[in-house]
Protein chains: 4
Amino acid sequence: MRGRTREAILASSLELFAKRGYSATTTEEIARKAKVSKGLIFSHFDTKQDILFAIVDEQFDRIISNVLKENDARPAKERLVSFVDATVDLIKNDPLLARLSLQLNLDDGYRKLMKNKKTKQYLDAFLSQMKAVFSELGSNKPELDSFILMFLFDGIVANYTVAPELFPIDDIKHHLVDILVSRWGTSGD
Amino acid sequence: MRGRTREAILASSLELFAKRGYSATTTEEIARKAKVSKGLIFSHFDTKQDILFAIVDEQFDRIISNVLKENDARPAKERLVSFVDATVDLIKNDPLLARLSLQLNLDDGYRKLMKNKKTKQYLDAFLSQMKAVFSELGSNKPELDSFILMFLFDGIVANYTVAPELFPIDDIKHHLVDILVSRWGTSGD
Amino acid sequence: MRGRTREAILASSLELFAKRGYSATTTEEIARKAKVSKGLIFSHFDTKQDILFAIVDEQFDRIISNVLKENDARPAKERLVSFVDATVDLIKNDPLLARLSLQLNLDDGYRKLMKNKKTKQYLDAFLSQMKAVFSELGSNKPELDSFILMFLFDGIVANYTVAPELFPIDDIKHHLVDILVSRWGTSGD
Amino acid sequence: MRGRTREAILASSLELFAKRGYSATTTEEIARKAKVSKGLIFSHFDTKQDILFAIVDEQFDRIISNVLKENDARPAKERLVSFVDATVDLIKNDPLLARLSLQLNLDDGYRKLMKNKKTKQYLDAFLSQMKAVFSELGSNKPELDSFILMFLFDGIVANYTVAPELFPIDDIKHHLVDILVSRWGTSGD
DNA sequence: CATGAATGAGCATTCATTCAT
DNA sequence: GATGAATGAATGCTCATTCAT
């Protein structure tokens with residue numbers, strides 16, 4: 001039962017933090033949404049901030065590690081396509097986490113706290129993998145290409161997770177893949 | 001004097017709202033940064049929320065209208081390039097406004113308030129112009145192309161405005177223009 | 001078993017109440033120190049206050065009655081010496097009870113509750129016995145002498161029970177007896 | 001005005017802390033008694049604990065330094081009498097401070113905080129001065145005599161400050177002086 | 001009996017807002 | 001206008017107490 005309660009608190013917090021922001025979310029709201037008492041929250045987490053950290057530590061970890069696959073032996077083009085696929089699917093499956101992550105990234109206070117946390121490491125891993133792929137594909141500006149792809153993903157998060165009904169995410173994904181394939185299609189084979 | 005005070009309050013608020021979030025910013029901090037007394041803030045604005053609305057109404061307006069130029073008679077390719085140029089420059093020149101705008105967009109509470117506000121109209125205008133451009137350029141999925149370009153801009157905001165030292169914005173802009181030109185270069189002439 | 005548990009709760013409570021104060025002690029701390037669950041405490045006592053009352057009623061009683069001996073036929077000087085002896089030994093043997101008692105006496109809220117409780121009766125008994133002793137010894141201000149002796153005991157409690165390592169309690173006791181004997185030695189025989 | 005408010009908060013806090021204990025006193029009560037709002041308290045003091053520290057630092061200092069007079073050239077007997085006089089008067093004039101001081105001394109948590117604070121230094125100064133006086137008077141156990149006198153004062157605090165109507169403080173003082181004079185009267189001249 | 005998860009009133013503290021000066 | 005002292009509703013958090021297991 002204890003595990004269930006904890007999950008309920010984390011799930012409610014995630015949704016509220018992602019949709020209204022961490023500061024604007026009260027512990028009362030979290031309690032109401034999780035259908036537990038305010039007091040119970042604090043028998044699971046010492047502070048409101050600890051709830052946020054638990055989400056970041058436990059959930060971000062689980063999710064992001066799915067996308068990053070070291071030692072992928074496939075040709076670069078396939079890896080690029082599969083990468084886009086995985087990232088967009090991640091956003092589709094965990095829109096709240098993606099939205100919260102983007103939100104936190106926009107917050108100076110949070111960024112300072114996270115200076116040496118895993119999030120940054122993932123980003124670096126992401127970028128270096130991308131750079132390798134674009135290099136293999138023959139890009140002469142692989143870093144810029146990586147940046148642009150990363151921006152694209154953040155832009156998808158910024159829009160799709162907030163109003164999914166406005167954006168045909170699968171069509172967008174396929175179109176994006178088409179664009180990339182048409183751009184790099186002749187190379188890398 | 002009165003005008004100066006008002007501007008100082010708006011500028012300080014913009015910076016704090018953009019960097020730490022609206023909820024996490026206190027009127028005390030705004031007063032300190034603007035070097036005015038807390039009381040004076042409330043002789044200029046009735047509520048903290050009014051400060052935010054003033055920023056949105058006055059600043060967003062001024063900025064965004066620069067980008068949207070109706071009745072642009074130039075060929076589509078030129079318009080596309082000029083559009084990318086104008087948008088990236090806007091982000092470079094007003095990173096705080098861009099950052100705040102993105103942040104507000106991620107906030108359900110704010111989005112509800114803005115349902116019928118200008119921001120949405122601008123977005124629609126932006127998208128329909130883009131669609132026209134991509135149509136003229138021969139795209140068979142002009143809406144998806146527009147979405148993707150918009151995502152790109154949001155992604156630039158999400159990253160560049162938060163850590164400008166990490167991203168060579170002008171190189172990125174040129175590379176982006178190169179990509180677009182190489183993709184649509186032969187068409188639309 | 002039940003008796004053991006009850007004693008453990010009372011002993012832990014006594015120590016915590018005496019050392020940190022009643023209000024500052026949480027039931028959680030009591031449970032931890034007594035190595036029982038929080039719930040069990042409330043199957044033995046209805047409220048936290050009841051624990052305090054149990055200590056006062058049961059322990060104070062037991063202890064104090066040792067000191068007060070009605071119908072003591074010995075000469076006044078002996079009774080005085082034996083009284084000092086008994087009181088100091090009581091403090092030495094039950095420093096926590098003495099400390100708690102002093103603490104409660106300093107608390108208006110508690111004093112109000114105790115208006116008609118036994119504690120006050122003991123005090124009166126103590127004082128009237130002392131007065132009798134000092135009268136017999138020839139004091140012309142037996143009440144003031146009683147007060148002063150009582151103050152002395154409270155002062156010993158205030159200091160010795162809190163930092164026993166700083167005060168050579170037996171030396172102090174003997175010195176005190178010496179002083180009293182030298183003061184009243186020639187009289188009362 | 002700001003000073004007045006601060007004094008009102010300190011005075012109300014002192015009374016409540018002294019009479020009901022620090023932990024049992026709520027900031028709401030302090031505010032009510034000081035006739036200010038709860039919020040105002042926290043514009044003067046960061047935490048409730050800081051109020052206590054302000055009382056200790058500012059008031060204890062002022063008061064205690066009156067009693068301790070270094071370089072007192074008078075004969076020991078006079079110094080002893082004057083010392084008793086000053087201490088009892090201090091208790092009479094600032095019973096709340098004396099009561100609070102005794103209460104804090106009974107609290108392990110507070111004692112730990114104060115390990116290296118001035119209070120302890122005063123106590124040491126007090127004891128060493130007393131020891132010197134009793135030595136000069138010919139005592140062969142000057143330290144024990146000092147302890148006993150100190151205990152007496154604490155006992156007066158423990159009783160008089162809590163129920164002044166029960167104890168004729170001036171009579172007690174004079175009687176105490178009489179006792180001391182009669183004990184040490186022939187010596188030290 | 002025994003546990004500790006759960007509750008909610010209560011507490012210290014914050015902060016947008018007001019207002020006397 | 002301008003200040004900052006003052007207010008009090010709201011927030012994060014605590015803790016005595018209850019109760020399902």
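None of these values were measured; they are calculated from a predicted model. Numbers restart at 1 for each chain; the letters A, B, ... are given by sequence-line order, proteins then strands. Heavy-atom basis, side chains included; hydrogens, waters and symmetry copies ignored.
- Toward the 5' end of DNA chain E, the nearer of the two residues D/Asp46 and B/Asp46, judged by each one's closest nucleotide, is D/Asp46.
- Computed from coordinates, the C/Arg6 CZ to E/dC1 P distance equals 13 Å when rounded to whole Å.
- Taking 4.5 Å as the limit, every side-chain heavy atom of A/Thr161 sits out of range of all side-chain heavy atoms of A/Leu102.
- Among the atoms of the strands shown, none is found under 4.0 Å from any heavy atom of A/Ser43.
- What separates CZ of A/Arg4 from P of E/dA5 is a distance of 16 Å, to the nearest Å.
- When rounded to the nearest whole Å, the span between NE2 of B/His44 and C1' of F/dT3 equals 13 Å.
- Taken from CD1 in B/Ile30 to CZ in B/Phe17, the straight-line distance is 4.0 Å, to the nearest 0.5 Å.
- Remark: C1' of E/dC11 and CD1 of D/Ile51 are 13 Å apart, rounded to the nearest angstrom.
- A side-chain hydrogen bond (donor to acceptor under 3.5 Å, both in side chains) with C/Asp108 is found for exactly one of D/Arg20, D/Lys19, D/Arg99, namely D/Arg99.
- The side chain of A/Ser37 lies closest to E/dA6, out of E/dA2, E/dC15, E/dA6.
- The CD1-P distance, from C/Ile9 to E/dA2, rounds to 9 Å in whole Å.
- A/Phe42 has its CZ atom 16 Å from the P atom of E/dG8, to the nearest Å.
- Among F/dT7, E/dT7, F/dC13, the nucleotide with an atom closest to any side-chain atom of A/Thr47 is F/dC13.
- With the nearest nucleotide of DNA chain E identified for both D/Gly39 and A/Leu40, A/Leu40 has the one nearer the 5' end.
- Summarising the geometry, the separation between CD1 on D/Ile41 and P on E/dT13 is reported as 10 Å, rounded to the nearest angstrom.
- Judged by Watson-Crick or G-U wobble contacts below 3.5 Å, the nucleotide E/dC19 has F/dG4 as its partner.
- One interatomic measurement links the two molecules: NZ of A/Lys48 to C1' of F/dT14, which rounds to 17 Å at whole-angstrom precision.
- For a distance-only test at 3.5 Å, the side chain of B/Lys38 qualifies as a donor-acceptor partner of the base of E/dT17.
- OP1 or OP2 of E/dA12 lies within a sub-4.0 Å distance of a side-chain N or O belonging to D/Thr27.
- Put simply, CD1 on A/Ile51 and OH on A/Tyr22 are 7.5 Å apart, with the number rounded to the nearest 0.5 Å.
- A/Ser23 comes within contact range of no nucleotide atom at all, as no heavy-atom separation falls under 4.0 Å.
- Between D/Lys35 and A/Thr26, it is D/Lys35 whose nearest contact on DNA chain F lies nearer the 5' terminus.
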- Item | Residues D/Ser43, D/Leu40; criterion side chain to side chain contact (heavy atoms under 4.5 Å, CB included); working and verdict | CA-CA 5 Å; D/Ser43 89; D/Leu40 190 51; 3.4 Å; yes

